[in-house]
Amino acid sequence: MDGNTLYSIGELARRTGLTVKTIRFYSDRGIVAPTDRSPAGYRLYGIDAVSRLELVRTLRELGLDLPTIRRVVDRELSLPDVAAAHAEALSVQISVLRLRRAVLTAVAERGSTPEETELMHRLAQLSKDERRRLIGDFLDAAFGGLDAAPAFEGVMRSMTPELPDNPEAEQVRAWVELAEMSLDPDFRAIVRRMAEDQAAEQAQSDTTGLRRDIAAAVRDRTAPALTAGIDPASPQAGPIVAAFTAYYAYLLGRPDDVELRRRLAARLESVNDPRRERYLRLLAVINGWPAPESLAPVFDWSLEALRVRTQQ
């Protein structure tokens, strides 16, 4: 074979594996132009047509459009530049497909209504700035304007989701559910109440710094009792309850009486709301953090121990 050999469309089809119809289509659009014509008027192609057609087939399989392919094979465009641009476009498409798949999976799992589906779809497609504004509005509603606001800066950071640029489907589903929660007025009210209670406790702090949050104090005193299998209604639980109620009395600067213990029970019920724990679990999925340990058993034990001792 030499460089002067000419090939018919049928011969090109056999050499490239493309159909005659496809080659004629590319030829009509000027992507692979004939070198000459036979006496009967049939198109004839040079050896370079083989390599051009093979390149065209590769680029088509990679998803490039025909106008771009023509400019590449005519060397009007740099193939590396085109490849880079196309790869970036594919990344966007992949991200969009991940979002759609995540929403559809969530719809299927939750049996969502058309209205819920529309909301999930909208939340999934928010831009990074829009997501930050949504969460910022939620956190401001929860913590804004409180006297202890500076003390909540770390808490607010720890409650802020950061969806990665190329999230997994599980992260997208978690984001959609978390965003829905952050828009829920009832959930906002619960978080606000917890923040106000904590701010009121911290307002009693001395000049050496903030005192420990009562929820953390109860957790640390109750967890060993729970592990040891102590019944919250048993006499053995009495000293444990006395320890954390005395600390709460110290925080509020008031006596450790039945009224204080009822107030503490209301405080722990607020902290023990399952939606709060769900938010933290979703947050861990979105941010790629380890799943938080459930504190519900600890607070359930503490609440039962308090009820037994405040029923009189």
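As the structure is a prediction and not an experimental result, all values here were calculated from the model.
Taken together through direct or relayed side-chain contacts under 4.5 Å among Ile, Leu, Val, Met, Phe, Trp and Tyr, L295 and Y247 form part of one hydrophobic cluster. Note: the hydrophobic cluster containing I190 also contains F299 (ILVMFWY, side chain heavy atoms under 4.5 Å, direct or indirect links). Note: the hydrophobic cluster containing W175 does not contain I94 (ILVMFWY, side chain heavy atoms under 4.5 Å, direct or indirect links). M181 and V285 fall into different hydrophobic clusters, where Ile, Leu, Val, Met, Phe, Trp and Tyr side chains are chained together by heavy-atom contacts under 4.5 Å.
Looking at every heavy atom in both residues, A296 comes nearest to E277 through N-OE1, 3.6 Å. Residue T245 comes nearest to L260 through the heavy atom pair O-CD2, 3.7 Å, listed as atom of the first residue, atom of the second, then distance. In terms of heavy-atom proximity, E116 sits nearest to T113 at OE1-N, 2.9 Å. The minimum heavy-atom distance linking R267 with M194 is given by the pair NH1-O, 4.2 Å. Pairing each heavy atom of V191 with each of A142, the nearest pair is CG1-CB, 3.5 Å. Closest approach of L283 and L178 over heavy atoms only: N-CD1, 3.9 Å.
Checked by atom type and distance alone, the side chain of Q171 pairs as donor or acceptor with a backbone atom of E168 at under 3.5 Å. Within the 3.5 Å criterion, the main-chain N or O of A215 finds a donor-acceptor partner in the side chain of D213. Side chain of T227 to backbone of A223: a donor-acceptor contact under 3.5 angstrom is found. In terms of modelled atom types and a separation under 3.5 Å, the side chain of R52 and the main chain of V73 share a donor-acceptor contact. A donor-acceptor contact shorter than 3.5 Å links the side chain of T35 to the backbone of G46. Checking side-chain atoms of R254 against main-chain N and O of A249 turns up no donor-acceptor pair under 3.5 Å.
S302 and T222 are linked by a side-chain donor-acceptor pair at a separation below 3.5 angstrom, with hydrogens and angles left out of the test. For the residue pair S182 and Y279, no side-chain donor N or O sits within less than 3.5 Å of a side-chain acceptor on the partner. Side-chain contact, T68 with D65: a donor N or O sits under 3.5 Å from an acceptor N or O.
Between the CE atom of M159 and the CZ atom of R276 there is a distance of 8.0 Å, given to the nearest 0.5 Å. In this structure, CZ in R188 is found 9.0 Å from CG in L139, a value given to the nearest 0.5 Å. Taking CZ of R57 as the reference point, atom CG of L62 lies at 12.0 Å (rounded to 0.5 Å). Annotation: the span from L12 atom CG to I23 atom CD1 amounts to 5.0 Å, rounded to 0.5 Å. Atom CD1 of I230 is separated from atom CH2 of W301 by 6.5 Å, given to the nearest 0.5 angstrom. Expressed to the nearest 0.5 Å, how far CG of D74 lies from CZ of R70 amounts to 6.0 Å.
Not less than 6.0 angstrom separates the ring centroid of Y45 from the ring centroid of Y7.
Note on D28 versus R43: salt bridge recorded, some NZ/NE/NH1/NH2 to OD/OE distance being below 4.0 Å. Classification of E177 and R278 as a salt-bridged pair holds, one side-chain N sitting under 4.0 Å from a carboxylate O. Between E11 and R15 there is no salt bridge, since none of the side-chain N atoms of the basic residue sits less than 4.0 Å from a carboxylate O of the acidic one. With respect to the salt-bridge test (charged N to carboxylate O, under 4.0 angstrom), the residues R307 and E304 qualify. Taking 4.0 Å as the cut-off between side-chain N and carboxylate O, D140 and R133 do not count as a salt-bridged pair.
By the neighbour-count criterion of 12 heavy atoms within 6.0 Å, atom CD of E109 is densely surrounded, having more than that number from other residues, nucleotides or ligands.
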Let's go through I31 and F25 carefully: what are the C-alpha distance in whole Å and the side-chain angles of both, what is the deciding distance for side chain to side chain contact (heavy atoms under 4.5 Å, CB included) to 0.1 Å, and is it a yes or a no? CA-CA 9 Å; I31 295 174; F25 176 79; over 6 Å; no
For side chain to side chain contact (heavy atoms under 4.5 Å, CB included), just list the numbers for E269 and D273, CA-CA rounded to whole Å, side-chain angles, deciding distance to a tenth of an Å, and then say yes or no. CA-CA 6 Å; E269 284 175 352; D273 189 288; over 6 Å; no
Is there a side chain to side chain contact (heavy atoms under 4.5 Å, CB included) between L66 and R60? Walk through the geometry before answering. CA-CA 8 Å; L66 288 177; R60 284 297 285 165; 3.7 Å; yes
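Residues that satisfy the side chain to side chain donor-acceptor pair (under 3.5 Å) test with D197, not counting sequence neighbours, are absent from this structure.
For the pair S38 and S8, the minimum side-chain heavy-atom distance is 4.5 Å or more. In this structure the side chain of R192 reaches within 4.5 angstrom of the side chain of L146, judged on heavy atoms. Between E201 and L252, some side-chain heavy-atom pair lies under the 4.5 Å cut-off.
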